Amino acid sequence: MAGPYVTPSPAPRHTPLSMKLLGLTGGVGMGKSTSAQLLHWRGAAIVDTDDLARQVVQPGQPALAEVQKFFGEGVVGPDGQLHREELARIVFADTAARQQLEAILHPRIRELWRAQVETWRKEGQPLAVVVIPLLFETHAEADFDAVICVACAGATQRQRLLARGWKPEDIAQRLAAQWPIAEKMARAHYVIWTEAGMDVHAQQLYRIVPKQ
């Protein structure tokens with residue numbers, strides 16, 4: 001499968017001489033982090049919402065207190081750190097619990113990345129990228145000039161996740177919590193297909209994003 005290709009979604013909006021803001025999404029294990037690194041090498045400023053998700057539940061943060069109040073004392077250790085594996089076990093087995101966690105975290109995460117984007121605009125940064133695994137699920141696409149979806153075959157995705165030490169049931173639960181990759185691909189402006197090596201991955205991205 002060749003890439004990138006433009007889907008029938010609305011044309012990217014971009015004002016000349018303004019900062020171009022890209023949203024980067026895709027399925028778990030499909031290569032978002034690699035795409036972000038390649039774009040960083042291209043001169044883009046990068047913020048990853050997975051990093052922000054960890055930031056908002058650090059000890060002393062209001063979100064951590066809310067998580068502990070809702071999910072119980074067992075999700076926070078004696079050192080005040082969130083027990084991520086225990087929380088994941090709870091929320092990926094219970095849709096209502098996962099939605100409650102998202103209601104606690106997502107508004108705070110969005111506030112942080114939007115603030116970072118505004119800082120970059122004021123600094124005159126020409127290109128910025130926000131990595132959001134649940135970009136379409138959280139209806140964030142309107143914030144971006146264009147959305148890039150990173151994708152691969154389902155079998156490849158599962159092989160990559162198994163290689164990370166994930167159990168088959170963990171993979172099934174995580175995939176059930178996200179939109180099907182075909183739907184994300186259809187809604188994105190560009191798709192990067194990551195079945196081949198790093199060189200092909202980079203060639204696809206760099207056809208979309210000029211060097212800054």
Side-chain angles (χ1 to χ4, degrees), residues 1-14 20-42 44-53 92 95 98-99 102 105-106 109-110 113-114 117 127-164 166 168 170-210:
M1 181 174 180
Y5 61 88
V6 182
T7 70
S9 51
R13 56 179 177 81
H14 180 50
K20 188 172 184 66
L21 181 62
L22 302 177
L24 181 64
T25 193
V28 59
M30 289 191 167
K32 295 184 299 298
S33 295
T34 299
S35 286
Q37 184 62 61
L38 288 167
L39 289 168
H40 176 67
W41 291 340
R42 201 65 163 177
I46 308 288
V47 60
D48 190 326
T49 57
D50 280 347
D51 295 334
L52 300 181
F92 287 109
T95 299
R98 177 171 53 81
Q99 291 172 343
E102 291 172 350
L105 300 184
H106 285 177
I109 294 168
R110 182 173 293 202
W113 68 253
R114 281 179 169 171
V117 165
L127 175 65
V129 177
V130 184
V131 184
I132 311 181
L134 301 181
L135 188 150
F136 292 114
E137 292 90 331
T138 57
H139 310 290
E141 58 267 38
D143 282 82
F144 299 100
D145 296 303
V147 173
I148 299 172
C149 178
V150 182
C152 65
T156 301
Q157 179 187 33
R158 285 173 174 79
Q159 289 172 0
R160 292 174 181 175
L161 296 176
L162 289 170
R164 293 182 187 180
W166 288 36
D170 296 331
I171 295 173
Q173 288 177 341
R174 298 299 179 94
L175 295 183
Q178 298 186 358
W179 283 11
I181 192 61
E183 189 165 354
K184 295 187 180 190
M185 291 167 65
R187 288 174 177 259
H189 297 98
Y190 303 101
V191 171
I192 303 298
W193 194 246
T194 66
E195 289 288 326
M198 178 75 81
D199 288 347
V200 175
H201 190 151
Q203 288 170 10
Q204 293 177 75
L205 270 177
Y206 294 166
R207 286 172 59 190
I208 298 169
V209 181

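When reading the values below, keep in mind they use all heavy atoms of this one structure, side chains included, and skip hydrogens, waters and symmetry mates. Keep in mind that what you see is a predicted model, and the values were worked out from it rather than measured.
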key: With sequence neighbours excluded, residues passing side-chain contact (heavy atoms from CB on, under 4.5 Å) with Ala44   = Leu39, Ile46, Leu127, Val129
request  = Answer yes or no: is there a donor N or O on one side and an acceptor on the other, between the side chain of Arg187 and the main chain of Phe136, under 3.5 Å?
outcome  = no
By side-chain contact (heavy atoms from CB on, under 4.5 Å) - contacts of Ala53 (at least two apart) = Ile109
Donor-acceptor contact below 3.5 Å, side chain Asp145 vs main chain Leu22 = no
query = How about Pro180 and Leu175: do any of their side-chain heavy atoms sit closer than 4.5 Å?
reply = no
ask   = At what distance, to the nearest 0.5 angstrom, does CH2 of Trp193 lie from SG of Cys152?
value = 6.5 Å
task = For the pair Thr156 and Arg160, evaluate side chain to side chain contact (heavy atoms under 4.5 Å, CB included) and give the outcome as yes or no after the intermediate values.
result = CA-CA 6 Å; Thr156 301; Arg160 292 174 181 175; 3.4 Å; yes
Check against side chain to side chain contact (heavy atoms under 4.5 Å, CB included), His201 and Leu38 = CA-CA 9 Å; His201 190 151; Leu38 288 167; 3.6 Å; yes
query = Between atom CZ of Arg110 and atom OG1 of Thr138, what is the distance when rounded to the nearest 0.5 Å?
reply = 5.0 Å
note = For Gly29 and Leu161 the tightest heavy-atom approach is CA-CD2, 4.0 Å
inquiry  = To check you understand the geometry: which heavy-atom pair defines the closest contact between Pro210 and Ile208, and what is its length?
reply    = CD-O, 3.5 Å
Listed partners of Asp51 passing salt bridge (charged side-chain N to carboxylate O under 4.0 Å, His left out), at least two apart = Arg54
task = Could you walk me through whether Phe144 and Thr25 pass the side chain to side chain contact (heavy atoms under 4.5 Å, CB included) test, one step at a time?
result = CA-CA 12 Å; Phe144 299 100; Thr25 193; over 6 Å; no
query = With sequence neighbours excluded, what pairs up with Glu137 under the side-chain contact (heavy atoms from CB on, under 4.5 Å) test?
reply = Leu134, Gln178, Trp179, Lys184
request  = Tell me, please, which residues at least two apart from Ser33 pass side-chain hydrogen bond (donor to acceptor under 3.5 Å, both in side chains).
outcome  = none
note = Minimal heavy-atom distance between Val47 and Trp113, with the atoms involved, is CG1-CB, 4.2 Å
request  = Would you please name every residue forming a side-chain contact (heavy atoms from CB on, under 4.5 Å) with Gln37, sequence neighbours left out?
outcome  = His40, Trp41
ask   = Can you check whether Thr194 reaches Thr34 side chain to side chain, under 4.5 Å on heavy atoms?
value = no
message = For Lys32, give me all partners under side-chain hydrogen bond (donor to acceptor under 3.5 Å, both in side chains), at least two apart in sequence or on another chain.
response = none
key: Non-neighbouring partners of His106 that pass side-chain hydrogen bond (donor to acceptor under 3.5 Å, both in side chains), sequence neighbours left out   = none
message = Holding to side-chain hydrogen bond (donor to acceptor under 3.5 Å, both in side chains), I want the full list of residues that pass it with Glu102, two or more places apart in sequence or in another chain.
response = Arg98
Listed partners of Arg114 passing salt bridge (charged side-chain N to carboxylate O under 4.0 Å, His left out), at least two apart = Asp143
note = Between His189 and Ala146 the two heavy atoms that sit nearest each other are ND1-CA, 3.3 Å
ask   = Of all heavy-atom pairs between Ser35 and Leu24, which one has the smallest distance, and what is that distance?
value = CB-CD2, 3.8 Å
message = Quick check: closest heavy atoms across Met185 and Ala151, and the distance to 0.1 Å?
response = SD-CB, 3.8 Å
message = So Thr49 and Pro133, do their side chains get closer than 4.5 Å, heavy atoms only?
response = yes
inquiry  = Pair Leu135, Val147 - check side chain to side chain contact (heavy atoms under 4.5 Å, CB included), show working.
reply    = CA-CA 9 Å; Leu135 188 150; Val147 173; 4.1 Å; yes
request  = For Glu195, enumerate each residue passing the salt bridge (charged side-chain N to carboxylate O under 4.0 Å, His left out) test, keeping only those at least two apart in sequence or located in another chain.
outcome  = none
ask   = Of all residues at least two apart in sequence or in a different chain, which pass the ring pair (Phe, Tyr, Trp, His ring centres under 6.0 Å) check with Trp166?
value = none
